[in-house]
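Start at 1 and go down the list; that is how both ligands and their atoms are numbered.
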Amino acid sequence: MGAAGKGTSAVKSGVKRLLGRTGFDIVRSTNNRGGVDDFIPFEATMRAARSAGLPVGDYIDEVMNGTPGATQSTIDELRALGVFAAGPKTVLEIGPGSGRFLEKTLKECSPGRYEIYETAAPWADYLVDAFGVVAQPTAGCSLAPTPDNSVDLVQAHKVFNTVTFLSASRYFFEMARVTRPGGRIVFDVMTETCLDPATVRTWATEGGPGHDSYPAAMPRGTCVDLFATLGCSLEAGFLAPMGVASTEVLVFAKDA
Ligand SMILES: C[S@@+](CC[C@H](N)C(=O)[O-])C[C@H]1O[C@@H](n2cnc3c(N)ncnc32)[C@H](O)[C@@H]1O
């Protein structure tokens with residue numbers, strides 16, 4: 001291979017590595033009304049995880065994202081905040097993808113029902129088979145099949161930084177609606193806390209190739225104020241790694 005060929009291949013592999021670090025690759029979801037409509041390919045990712053001898057979630061953390069232990073550290077923070085202490089009987093997760101948070105959530109609690117809303121059909125099917133969760137029809141940003149005030153823990157991880165402002169906002173109303181009084185709502189967003197000038201420079205120079213809508217920012221105050229009007233109070237916030245920087249995980253409790 002000539003020098004030019006080597007250069008092209010280095011750029012391609014650099015882009016691929018970066019795509020991996022953002023949690024994305026090249027496969028199109030089946031029914032996505034948000035912004036970024038790709039998610040990592042099911043077969044290839046499972047095969048690569050098997051070859052590496054890792055559970056798929058750990059493979060994504062360690063190899064694809066270059067953030068070993070990231071999922072577990074978020075789960076550890078949530079445990080320390082008492083999110084699992086009441087033993088949630090019903091859990092709902094938006095955009096579980098590979099199930100890396102789902103699997104670890106099920107190590108923390110034993111809900112009788114775990115609903116997922118996931119647009120990538122191969123991953124949703126896998127999660128139903130592997131964990132016995134209930135995949136709800138996922139149309140845009142609605143949780144319509146789930147009744148009001150029926151879920152103890154509603155969560156979404158690394159979803160609202162990949163969809164448009166409207167998609168995230170519409171899901172926020174739905175999350176507050178389905179959570180039962182006293183229940184918890186957990187999600188991460190790329191807030192101003194995650195966007196100091198140096199980090200903006202890093203994103204601008206190194207982040208998000210191929211996905212104009214990734215990463216999407218969401219003001220922290222907008223979330224806090226909106227959820228307050230929906231009867232949900234902010235309990236805590238902490239940073240979690242994402243791509244070249246971080247998102248902020250927000251934990252709300254719906255007023256009893
Ligand atoms: C960056 S991935 C995060 C996956 C997983 N939560 C994790 O942290 O590994 C975003 C996930 O949201 C899903 N998704 C995208 N748009 C969605 C929508 N409108 N409703 C539900 N899921 C969606 C994607 O298919 C993908 O599984």
Checklist line | Contacting atoms of ligand 1, where contact means under 4.0 angstrom from a heavy atom of Thr138 | finding: 20 (N), 21 (C)

Notebook entry, point to check: Among Phe101, Tyr171, Trp123, Tyr214, whose heavy atom sits nearest atom 20 (N) of ligand 1?
Noted result: Tyr171

Check: Is there side-chain contact between Leu153 and Val83, with at least one heavy-atom pair below 4.5 Å?
Finding: yes

Notebook entry, point to check: Charged N to carboxylate O under 4.0 angstrom, Asp152 versus Arg184?
Noted result: no

Next item on the list: Nearest heavy atom to atom 25 (O) of ligand 1 wins, so pick from Glu118, Gln136, His157.
Entry: Glu118

Item checked: Winner among Val159, Val163, Thr119 once heavy atoms are compared against atom 14 (N) of ligand 1 -> Thr119

Next item on the list: Taking only heavy atoms of Ala120 into account, list the atoms of ligand 1 that are under 4.0 Å away from them.
Entry: 25 (O)

Note to self: Under the criterion side chain to side chain contact (heavy atoms under 4.5 Å, CB included), I'd like the reasoning laid out for Phe187 against Met175: C-alpha separation, chi angles, the key distance, then a yes or no.
What the structure shows: CA-CA 10 Å; Phe187 62 88; Met175 293 166 90; 4.0 Å; yes

Next item on the list: Output yes when Asp58 and Lys104 qualify as a salt bridge under the 4.0 Å nitrogen-oxygen rule, no when they do not.
Entry: yes

Note to self: Under 4.0 Å, counting heavy atoms only: does Ser167 come that close to any atom of ligand 1?
What the structure shows: no

Next item on the list: Would you mind telling me if ligand 1 is within reach of the side chain of Cys141, the backbone, both or neither, using heavy atoms under 4.0 Å?
Entry: neither

Next item on the list: Would you mind listing which atoms of ligand 1 come within a distance below 4.0 Å of any non-hydrogen atom of Arg100?
Entry: 7 (C), 8 (O), 9 (O)

Margin query: Using the ring-ring contact (aromatic ring centres under 6.0 Å, His included) definition, which of the options Tyr171, Phe172, Phe173 pairs with Phe227?
Written below: Phe172

Margin query: Does the residue Gly140 have a heavy-atom contact with ligand 1, meaning some pair of atoms that are separated by less than 4.0 Å?
Written below: yes

Item checked: Carboxylate-amine/guanidinium proximity below 4.0 Å for Glu77 and Arg79 -> no

Next item on the list: Indicate yes or no: at least one non-hydrogen side-chain atom of Asp125 is less than 4.5 angstrom from one of Phe42.
Entry: no

